[in-house]
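Below, read A as the first sequence line, B as the second, and so on, with proteins coming before strands; counting in each chain starts at 1.
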Amino acid sequence: MNAKTPKTAISPTRAENYSEWYQKIVRASDFAELSGVRGCQILKAWGYGVWEQMQRDLDRRFKETGHENYYFPIYIPLSYFQREAEHVDGFAKEMAIVTHHRLTKNAEGKLVPDGELEEPLVIRPTSETIIGEAMSKWIQSYRDLPLLLNQWANVSRWEMRPRILLRTAEFLWQEGHTAHETHDEAMAETKKMLDVYAEFVQDYMAVPVIKGEKIAAERFPGAVTTLCIEAMMQDGRALQAGTSHYLGHSFAKSCNIQFQSRTGTLEFAHTTSWGMSTRLLGALVMTHGDDNGMKVPPRLAPYQLVIVPILRDDSPKDEIMAYCEQLKADLLCETLDGNPLRVKLDGRDIPSTDKRWDWIKKGAPLVLEIGAKDIANHKVCFTRRDKMEDGKNFEDRATFIGNAGAILTDIQHALYNAALAFRTQRLVTNIKDWAAFESYFSKDADNSFTGGQGFVRAKWCGDDASLAKLEPLGVTVRCIPFDQDGQEGTCVLTGQPATQEVIFARAY
RNA sequence: CGGGGCGUAGCGCAGUCUGGUAGCGCGUCUGGUUUGGGACCAGAAGGCCCCGAGUUCGAAUCUCGGCGCCCCGACCA
């Protein structure tokens, strides 16, 4: 392999087959792999490590906004779901149900379920019902409000169409659940947590998002208002990166969450819920991945710098390793955002070049190569994962160490800016009528990476019946962005007068 | 739930049509030569060929029946 025969680490490339590229990069980056269990994945060390970083920062934000962590059962009695009609309609088709509690051997010696449960238990697809049940006991008075809690958990939805990281039968997430005295307070909470999400996704994941509200047809089952952040993937499709719901009295009524108000009357609480999941790892891959693998934003990288010792048989191995250890120790004293840098010295007994590509594919922000020459010259050789085209950089050891945090900050921003530039280029605002709309989403539908489709921002009259026109195109209304120009215009679907702008896109 | 595909070495696959001692590439292990953009040579280890029942002297291969997983759509985070 040399420079004359360029080759990508991931094959096929995005342009050749985006969907297959996605499967390959998820595996090659060591984010996740299929488990052999239908629709279920194994999160691997590097991908799970990114999730741990995400958890750490989100958890900090939740606590800063007054929430506390709880843990509720994974099993939810079936009857709990029956209380909220709309909610059950939305989830009924995709739940795993436990009906037995024992295994016995049958005549052929095969293990079969035995001991049928009186009442089936649903493996939680989301916990509104069971948390609502607990809240109804905990809340008696307005003095018990607001109740602000969060849960880190696994949930299960028996999806018809699994897709690694993006839609699996079991996934990890956090779900916030709160109860409030008034509509305004609950609505403020709903918005606040959406802001928390948006800030996190943009600042930490380096993924630009559009904040908005879901139209009625796209709302969470049981919600009065669903707010969301939508991100654009590299094939132009939208991915819902987080949702925050104002649930009104839906669950308060079905779970009987009532309190005595300041004036002594009995009132229903206003509840909210909001969640983010390991699906965001998929968003990260489809936002920052390229044909050589992943690029993990420094703030989320389990290791921000990886030191690869360059060892040859004639190298003074002990000396090089000792030098690398010292370099690592010095780097650990440096910081990013006030936190110590995360540094890995890759001491595996495999060829140095393999190590290098391994970390390129995983997307470590900075890969350092240290050999005898560098030691002699007091240099550090490093590659920026976001600027592979720059090749290897050589910097004085002391200078590099002093700059490491700044370089990582620069990478963090560069990744965000690249993603924002991509989205800007594919966010179309000049489509005003159905003919242009239809033509835009019809072109080159087989290869959305090169096809160039993305988001269409246009006026919509709000008539649900008009959405039927979108079905053949596979397009949906992603959200009603918060920032509206308020100008009169015409609906891109019907030609009727419309002032509200929405985002149209294909979605994951 | 429709449509398609696949179950053979750790991974990716050929072999199945036309039954006859289980193959290839990568990876792994040994030894040597190499080495800063993904090395090469030689040798070696590694298999209930998804499961069950048939047909047959003989089944990875043919017949019937199961099971599992993946991909593409509709539903959804």
Can you tell me if A:His245 and A:Thr226 form a side-chain donor-acceptor pair at under 3.5 Å? yes
Please measure how far the C1' atom in B:C49 lies from the corresponding atom in B:G12, and state the result in whole Å. 16 Å
Proximity to RNA chain B (any heavy atom under 4.0 Å), residues of residues 21-43 of chain A only: A:Gln23, A:Leu34, A:Gly36, A:Arg38, A:Gly39
Measure all distances between protein nitrogen or oxygen atoms and nitrogen or oxygen atoms of nucleotides 40-44 of chain B, and list the pairs falling under 3.5 Å.
none

Given atom CD1 of A:Ile164 and atom C1' of B:C69, what is their separation to the nearest angstrom? 13 Å
Can you list everything that forms a salt bridge (charged side-chain N to carboxylate O under 4.0 Å, His left out) with A:Glu325? Sequence neighbours excluded, please. none
Indicate, with a heavy-atom threshold strictly under 4.0 Å, whether A:Ser277 touches base, sugar-phosphate, or nothing. base
Distance in angstrom units between A:Met160 CE and B:C71 P, rounded: 16 Å
Does A:Arg14 pair with A:Asp290 as a salt bridge, N-O distance under 4.0 Å? no
Is the distance from OP1 or OP2 of B:C72 to the nearest side-chain N or O of A:Ser19 less than 4.0 Å? yes
When rounded to the nearest Å, what value does the distance between P atoms of B:C48 and B:C11 take? 11 Å
Between A:Trp274 and A:Phe62, is the ring centroid distance below 6.0 Å? yes
Could you check whether A:Ala507 gets within reach of a base, just the sugar-phosphate, or nothing at all, counting any heavy atom under 4.0 Å? nothing
Let me know, please, whether A:Gln240 or A:Asp354 comes out on the 5' side of the other along RNA chain B by nearest nucleotide. A:Asp354
Identified side chain to side chain donor-acceptor pair (under 3.5 Å) partner of A:Asp57 from the options A:Gln55, A:Gln53, A:Arg60: A:Arg60
Just checking A:Thr168: base, sugar-phosphate only, or nothing, at a heavy-atom cut-off of under 4.0 Å? base
ring-ring contact (aromatic ring centres under 6.0 Å, His included) between A:Tyr18 and A:Tyr22, intermediate numbers included: CA-CA 6 Å; A:Tyr18 188 84; A:Tyr22 176 73; 7.4 Å; no
Does the pair A:Glu369/A:Lys355 count as a salt bridge with the N-to-O cut at 4.0 Å? no
A:Leu239 has an atom CG; how far is it from atom C1' of B:C76, in whole Å? 12 Å
Measure CG/A:Asp358 against P/B:G27 and give the value in whole Å, please. 14 Å
Quick one: CD on A:Gln41 to CG on A:Leu172, what's the gap to the nearest 0.5 Å? 8.0 Å
Integer angstrom distance from the C1' of B:U16 to that of B:U63: 14 Å
More than 12 heavy atoms of other groups within 6.0 Å of A:Tyr75 OH: no
Output for pair (A:Gln234 CD, A:Arg426 CZ), nearest 0.5 Å, gives 8.5 Å
Taking only the side-chain heavy atoms of A:Trp357 (C-beta and beyond), determine which of B:G73, B:G36, B:G37 contains the nearest atom. B:G37
Could you tell me whether the phosphate oxygens of B:C70, OP1 or OP2, come under 4.0 Å of any side-chain nitrogen or oxygen in A:Arg161? no
Look at all strands and tell whether A:Glu159 reaches a base, only sugar-phosphate, or nothing, counting heavy atoms closer than 4.0 Å. base
